[in-house]
Amino acid sequence: MALPHSLMLTLAPTFACRRAPSRLIHDCHYTAIRPRAFSSSTPQTLSTTTEPPAPDSGPFSLAGTAPDHTAYVLLHTHLPPAAYPARSRSPLWRAWTMKARRWGGAVNFAWAPGGQLPAHPAYAGLGEDPDDRRLQRERYTASVFSVARRHARLEIPEVSLANLDEVDEALRKLVHGDGGGYGYGDSSGSGGGKLAEAQEEEGGWRLDARLHLYVCTHGSRDCRCGEGGGEVARALRRELEKRGIGADDVVVGEVAHVGGHKYAANVLVYPFGDWLGGIQDFDVPHVLDDILAWHASNRQATSDGSTTGPSARDVAPLCAPFWRGRMGLDKDEQLALFARAP
């Protein structure tokens with residue numbers, strides 16, 4: 001006998017929000033259960049002298065599911081993703097998304113408690129109010145992570161429709177150096193470096209080398225992200241507090257839809273740009289161990305935020321069972337890198 005329609009509607013969120021079992025055995029580190037995985041306590045570089053094997057297509061691999069991007073832009077909001085609408089109508093977000101897509105950038109909204117991501121003091125909305133849209137009141141402080149500054153976050157004090165063209169063009173030049181081509185990779189780009197220095201001096205753009213962890217908690221878009229993502233964000237904050245690590249070293253933020261509801265909880269690890277999926281709250285201590293050690297070792301590669309260390313194609317994946325991909329690598333490159341991992 002079929003269930004009554006009203007009962008199906010009541011139960012639907014329960015079924016929809018059921019997530020897959022953990023990719024780890026509870027309280028067991030994943031290196032013990034997956035031979036191809038490795039502890040990333042000391043980030044490994046991979047040899048390019050041999051032909052990589054065919055990409056792993058087994059059930060454990062999430063590799064190749066991160067979007068292809070050269071930069072990730074976050075618009076800071078006063079409200080958490082739990083308050084975001086399912087789909088944004090923000091004119092600024094829509095306009096910048098279209099512009100940034102041409103040079104490999106992606107744009108999203110982000111929030112963190114306690115002012116860890118300072119929101120613009122003159123605007124508290126999300127671009128949803130008709131009067132805000134009509135009068136172009138939208139303005140945000142923004143964070144930018146890019147392949148040109150692989151080990152640092154760039155903070156832009158104000159982005160609005162009035163200065164969007166200027167900011168977008170500056171970031172395009174930063175990412176691609178002299179502005180030519182749409183190549184991926186880790187070109188340090190003297191043009192990009194000079195631009196960043198000039199913006200820091202003249203435009204008030206600031207560099208920040210802290211570790212940033214962003215969890216998708218956009219529940220109105222998909223309940224798996226709202227529930228699972230919220231659990232993981234809270235677990236990360238608890239674990240960092242227990243270890244005595246504060247916001248001066250690690251920022252835990254929350255973001256809107258990143259793509260891949262079925263991979264919830266999604267955790268984006270910046271500034272290097274690794275995307276992790278399928279994480280649950282009890283996975284957090286093990287995953288955080290690897291993230292902290294991996295970030296500390298990679299950060300030693302440069303002291304000024306430029307990309308002078310190993311390229312994104314040579315650094316082994318972070319937390320392999322959860323690894324979706326990395327900024328600066330397209331799908332084929334993500335799969336090839338994962339296949340070469342020890």
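Nothing fancy with the numbering, it's 1 onward along the sequence. The figures that follow rest on heavy atoms only: side chains count, while hydrogens, waters and symmetry mates do not.
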**Complete:** One should read off an interatomic distance between Met327 CE and Thr70 OG1, to the nearest 0.5 angstrom, of 8.5 Å
**Message:** Is the distance from the ring center of Trp275 to that of His69 below 6.0 Å?
**Reply:** yes
**Prompt:** From Leu213 CG over to Leu268 CG, what is the distance, rounded to the nearest 0.5 angstrom?
**Reply:** 9.5 Å
**Asked** Between Arg210 and Ala247, is there a donor-acceptor pair closer than 3.5 Å when you use the side chain of the first and the backbone of the second?
**Response** yes
**Asked** Judged by atom type as modelled, is there a donor-acceptor pair below 3.5 Å linking the side chain of Gln136 to the main-chain atoms of Leu161?
**Response** no
**Request:** Could you check Glu169 against Arg172 for salt bridge (charged side-chain N to carboxylate O under 4.0 Å, His left out), going step by step and ending with a plain yes or no?
**Result:** CA-CA 5 Å; Glu169 178 62 12; Arg172 184 188 68 82; 2.5 Å; yes
**Asked** If we ignore angles and hydrogens, is there a donor and acceptor under 3.5 Å between the side chains of His218 and Ser220?
**Response** yes
**Asked** Taking all atoms of both residues into account, what is the closest heavy-atom pair of Ala341 and Pro317, and its distance?
**Response** CB-CD, 4.0 Å
**Request:** Just do the side chain to side chain contact (heavy atoms under 4.5 Å, CB included) check on Leu211 and Val269 with the steps written out, would you?
**Result:** CA-CA 8 Å; Leu211 174 63; Val269 183; 3.9 Å; yes
**Fill in**
Nearest heavy-atom contact between Ala71 and Val175 is CB-CG2, 4.0 Å
**Message:** Does Lys262 form a salt bridge (charged side-chain N to carboxylate O under 4.0 Å, His left out) with Asp222? I'd like the steps, not just the answer.
**Reply:** CA-CA 9 Å; Lys262 62 185 176 182; Asp222 191 282; over 6 Å; no
**Asked** Trp103 and Asp168: side chain to side chain contact (heavy atoms under 4.5 Å, CB included), yes or no, with the steps?
**Response** CA-CA 10 Å; Trp103 49 265; Asp168 180 76; 2.9 Å; yes
**Item:** Side-chain donor or acceptor of Arg94 paired with backbone N/O of Ser88 under 3.5 Å
**Value:** yes
**Asked** When you check the gap from the basic side-chain N to the acidic O, do Arg326 and Asp274 get nearer than 4.0 Å?
**Response** yes
**Prompt:** Rounded to the nearest 0.5 Å, how far does CG of Asn108 lie from CH2 of Trp96?
**Reply:** 12.0 Å
**Asked** After noting the C-alpha distance and the side-chain angles of Arg234 and Glu239, does the key distance pass the salt bridge (charged side-chain N to carboxylate O under 4.0 Å, His left out) rule?
**Response** CA-CA 9 Å; Arg234 290 187 291 273; Glu239 188 66 22; over 6 Å; no
**Message:** Are the side chains of Ser143 and His212 in contact, using a 4.5 Å heavy-atom criterion?
**Reply:** no
**Item:** Working for side chain to side chain contact (heavy atoms under 4.5 Å, CB included), residues Thr97 and Arg101
**Value:** CA-CA 6 Å; Thr97 294; Arg101 190 175 294 165; 3.3 Å; yes
**Asked** Could Arg150 and Phe272 be counted as a cation-pi pair, given that NZ or CZ must be under 6.0 Å from the ring centre and within 45° of the axis?
**Response** yes
**Request:** Assign the ring pair Phe338 / Trp323 to parallel, tilted or perpendicular, where the plane angle (0 to 90°) is split at 30° and 60°.
**Result:** parallel
**Message:** Looking only at the side chains, is there a donor atom on one of Glu138 and Ser90 sitting less than 3.5 Å from an acceptor on the other?
**Reply:** yes
**Message:** Quick check against the 3.5 Å criterion: does Glu227 have a side-chain atom that pairs as donor or acceptor with the backbone of Arg224?
**Reply:** no
**Prompt:** For His78 and Tyr123, what are the C-alpha separation, side-chain angles and deciding distance, and is it a ring-ring contact (aromatic ring centres under 6.0 Å, His included)?
**Reply:** CA-CA 9 Å; His78 290 267; Tyr123 183 71; 8.2 Å; no
**pair Arg153-Val144: side-chain heavy atoms closer than 4.5 Å** = no
**Message:** Quick one, Leu288 and Val250 - any side-chain contact, counting heavy atoms below 4.5 Å?
**Reply:** no
**Shared hydrophobic cluster for Ile245 and Val215 (ILVMFWY, side-chain gaps under 4.5 Å)** = yes
**Message:** Counting the benzene-type ring for Trp, do Tyr214 and Trp111 have ring centres under 6.0 Å apart?
**Reply:** no
**Complete:** Here the pair of heavy atoms bringing Asp290 nearest to Leu318 is O-CD1, 4.0 Å
**Shortest non-hydrogen contact from Gly278 toward Phe322** = O-CE2, 3.7 Å
**Prompt:** With a 4.5 Å limit on heavy-atom distance, are the side chains of Cys225 and His257 in contact?
**Reply:** no
**Near-ring test His76/Phe109, centroid separation under 6.0 angstrom** = no
**Complete:** To the nearest 0.5 Å, atom CD of Glu231 lies from atom CG of Leu236 at 12.0 Å
**Message:** Ignoring hydrogens, what is the shortest heavy-atom contact between Leu75 and Ala142? Give both atom names and the distance.
**Reply:** CD2-CB, 4.1 Å
**Prompt:** Does any non-hydrogen side-chain atom of Phe145 lie less than 4.5 Å from one of Val73?
**Reply:** no
**Asked** At what distance, to the nearest 0.5 angstrom, does CG of Leu74 lie from CD of Glu155?
**Response** 11.5 Å
**Asked** Does Asp249 pair with Arg243 as a salt bridge, N-O distance under 4.0 Å?
**Response** no
**Prompt:** Which distance, rounded to the nearest 0.5 Å, do you find between the NE2 of His120 and the OG of Ser160?
**Reply:** 8.0 Å
**Request:** Indicate yes or no: at least one non-hydrogen side-chain atom of Asn266 is less than 4.5 angstrom from one of Leu276.
**Result:** no
**Considering all heavy atoms, the nearest Val258-Val255 contact** = CG1-CG2, 3.7 Å
**Message:** For Tyr263 and His261, I'd like to know if the aromatic rings sit close, meaning centre-to-centre distance below 6.0 Å.
**Reply:** no
**side chain to side chain contact (heavy atoms under 4.5 Å, CB included) assessment of Leu164 paired with Lys99** = CA-CA 9 Å; Leu164 179 57; Lys99 289 178 179 294; 4.1 Å; yes
**Request:** Would you please say whether a donor-acceptor pair under 3.5 Å links the side chains of Arg139 and Asn163?
**Result:** no
**Message:** Starting from Val159, can I reach Met98 by hopping between I/L/V/M/F/W/Y residues whose side chains sit under 4.5 Å apart?
**Reply:** no
**Prompt:** Just by distance, do the side chain of Thr65 and the backbone of Leu62 share a donor-acceptor pair under 3.5 Å?
**Reply:** yes
